Amino acid sequence: MLHDERRALVVDPGDPQPVLEALQHLGVKLEAILVTHHHLDHTGGVDALRASTGASVWGPLNEKMPEPLTRLKDGDQLMALDLVFKVIDVPGHTAGHIAYFCENANGTPLLFCGDTLFSAGCGRLFEGTPSQMLASLDRLAALPETTRVCCTHEYTLSNLKFALAVDPHNEALKRYMERAQALRDNGQPTLPSSLALERQINPFLRTRQPALIQAARSFDAKAHDDVSTFAALRQWKNQF
Ligand SMILES: [Zn+2]
């Protein structure tokens, strides 16, 4: 949820109840619901929230969505809370997955990337190919390094265990593991992350690094370029 003390927007409300409680607690009105892809844990709260708040709903062009909504494709823009959000097509986790990028949210770029990019990881490939997902991650990784990365699941610690297994000599990764562990031990989220950090530590953004290519080869001897390295790492993570 993002709010300006008067109005709020939410991204991917899987469940209406925590959103309604937060709206009441903050005393703000829900203006917009942004959806990144069709999975139920991202859309389950849309109908109830639309009905009880009258909020506008935005979502991807080519996915099954709770109607009515405004459908968006790559390059489209929407305005909510007086902020401009640009749509980026990021197929891979699902075929029509989109991300929302705000270049200037009170001085900070903000990315809502759904289940495409996680801290220290990425989404599973349910509907797309490794080359599609890698191209999607490349587009996100090319955004400004100060971008705050708002992922939709707190998978950081489990992702970090895999990241350390495949990139064990990465000092920034080791430091982040300690920081993330301390945050979780205190009941705090590790999110949002930042692109600067993810470029340093996320194995799925580092598939052109020799250390990661070599690690991928230990899992699949055929790994040789960025796409086959990405595919091997993603497959390895699935069974890690
Ligand atoms: Zn999903």
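Model, not experiment: these values are computed from the prediction.
- Transitive grouping of hydrophobic side chains (ILVMFWY, heavy atoms separated by less than 4.5 Å) brings Val90 and Leu111 into a common cluster.
- Note on Leu30 and Leu81: separate hydrophobic clusters, where clusters join Ile, Leu, Val, Met, Phe, Trp and Tyr whose side-chain heavy atoms are under 4.5 Å apart, directly or indirectly.
- One finds the CG atom of Leu143 at 4.5 Å from the CZ atom of Phe101 (value rounded to the nearest 0.5 Å).
- In this structure a side-chain-to-backbone donor-acceptor pair under 3.5 Å is missing from Glu154 to Pro189.
- Atom CG of residue Leu69 and atom CG of residue Leu34 lie 10.5 Å apart, to the nearest 0.5 angstrom.
- Annotation: Gln214, atom CD; neighbour count of heavy atoms from other residues, nucleotides and ligands within 6.0 Å does not exceed 12.
- Nearest heavy-atom pair across Pro203 and Leu233 is O-CD1, 3.9 Å.
- With hydrogens and angles disregarded, a donor-acceptor distance shorter than 3.5 Å links the side chain of Arg199 to the backbone of Ala141.
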(message) Under the criterion salt bridge (Lys or Arg N to Asp or Glu O under 4.0 Å), I'd like the reasoning laid out for Arg139 against Asp89: C-alpha separation, chi angles, the key distance, then a yes or no.
(response) CA-CA 9 Å; Arg139 289 192 71 185; Asp89 276 347; 5.8 Å; no
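- Met1 approaches Leu26 most closely through the heavy-atom pair SD-CD1, 3.8 Å.
- Checking side-chain atoms of Tyr100 against main-chain N and O of Val35 turns up a donor-acceptor pair under 3.5 Å.
- In this structure, Arg148 contributes its side chain and Leu110 its backbone to no donor-acceptor pair below 3.5 Å.
- The shortest distance between side-chain heavy atoms of Pro66 and Val57 does not fall below 4.5 Å.
- Proximity of a side-chain donor or acceptor of Glu31 to a complementary backbone N or O of Ala80 within less than 3.5 Å is not detected.
- Remark: the Ser119 side chain and the Glu198 side chain contain an N/O donor-acceptor pair separated by less than 3.5 Å.
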(request) Applying side-chain contact (heavy atoms from CB on, under 4.5 Å), run through Arg7 and Asp82 and close with a yes or a no. (result) CA-CA 10 Å; Arg7 303 160 299 176; Asp82 299 324; 3.0 Å; yes
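- A distance-only check finds no donor-acceptor pair linking the side chain of Asp220 to the backbone of Ala216 [under 3.5 Å].
- Contacts of Ser136 classified as side chain to side chain donor-acceptor pair (under 3.5 Å), with partners at least two apart in sequence or in another chain: none.
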(message) Show, in sequence, the C-alpha distance, side-chain angles and deciding distance for Asp115 and Phe126, and conclude whether the side-chain contact (heavy atoms from CB on, under 4.5 Å) test is met.
(response) CA-CA 11 Å; Asp115 284 355; Phe126 286 117; over 6 Å; no
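- Residue Leu191 holds its CG atom at 12.0 Å from CD of Gln188, rounded to the nearest 0.5 Å.
- Checked options Met177, Arg175, Arg206; the residue passing with Asn170 is Arg206 (criterion: side-chain contact (heavy atoms from CB on, under 4.5 Å)).
- Looking at Asp226 and Thr229, their side chains never bring a donor and an acceptor atom within 3.5 Å of each other.
- A donor-acceptor pair under 3.5 Å links the side-chain atoms of Thr152 to the main chain of Gly114, judged by distance alone.
- A distance-only check finds a donor-acceptor pair linking the side chain of Asp12 to the backbone of Thr36 [under 3.5 Å].
- Heavy-atom contacts from other residues, nucleotides or ligands closer than 6.0 Å to CG of Asp185 number more than 12.
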(request) Tell me, with the steps shown, if Val149 and Cys113 meet side-chain contact (heavy atoms from CB on, under 4.5 Å). (result) CA-CA 7 Å; Val149 179; Cys113 51; 3.8 Å; yes
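- Atom CG of residue Leu137 and atom OG1 of residue Thr207 lie 8.5 Å apart, to the nearest 0.5 angstrom.
- Residues Lys29 and Arg6 are not in side-chain contact: their nearest non-hydrogen atoms beyond the backbone lie 4.5 Å or more apart.
- Within 6.0 Å of NZ on Lys86 lie no more than 12 heavy atoms contributed by other residues, nucleotides or ligands.
- For the residue pair Pro168 and Ala165, the shortest heavy atom distance occurs at CD-O, 4.0 Å.
- By the rule that hydrophobic residues join a cluster once side-chain heavy atoms approach within less than 4.5 Å of another member, Met65 and Val11 end up as members of separate clusters.
- Proximity of Ser228 to Arg217: side-chain heavy atoms (C-beta onward) are nowhere separated by under 4.5 Å.
- Other residues, nucleotides and ligands contribute at most 12 non-hydrogen atoms within 6.0 Å of the CD atom of Glu103.
- Neither side chain, His37 nor Glu127, offers a donor N or O lying under 3.5 Å from an acceptor on the other.
- In terms of heavy atoms, Thr190 sits closest to Ala180 at CG2-CB, 3.8 Å.
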(message) Working note: Phe204 + Phe162, criterion side-chain contact (heavy atoms from CB on, under 4.5 Å); need CA distance, chi angles, decisive distance, verdict.
(response) CA-CA 11 Å; Phe204 298 101; Phe162 176 73; 3.9 Å; yes
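- Ring to ring, His42 and His153 are close: their centroids are under 6.0 angstrom apart.
- In plain terms, the two heavy atoms of Ala120 and Asn159 that are nearest each other are O-CB, 3.4 Å.
- Under the 4.5 Å side-chain criterion, counting only non-hydrogen atoms from C-beta, Leu9 is in contact with Phe85.
- In terms of heavy atoms, Arg50 sits closest to Ala55 at CG-O, 3.7 Å.
- Hydrophobic clustering (ILVMFWY, side-chain heavy atoms < 4.5 Å, transitive): Leu140 and Phe118 are in distinct clusters.
- A distance of 11.0 Å separates CZ of Phe219 from CZ of Arg234, quoted to the nearest 0.5 Å.
- Residue Asp4 holds its CG atom at 8.5 Å from CG of Asn106, rounded to the nearest 0.5 Å.
- No donor-acceptor pair under 3.5 Å is formed between the side chain of His97 and the backbone N or O of Pro91.
- Residues near Leu61 contribute nothing to a hydrophobic cluster around it, because no ILVMFWY side-chain heavy atom sits closer than 4.5 Å to its side chain.
- Side-chain N or O atoms of Asp15 include one that pairs as donor or acceptor with a backbone N or O of Gln17 at under 3.5 Å.
- Cluster annotation: Phe230 and Ile213 are assigned to distinct hydrophobic clusters (Ile/Leu/Val/Met/Phe/Trp/Tyr, side-chain heavy-atom contacts under 4.5 Å, transitive).
- Between Leu195 and the choices Thr146, Leu117, Asn202, the side-chain contact (heavy atoms from CB on, under 4.5 Å) rule is met once, by Leu117.
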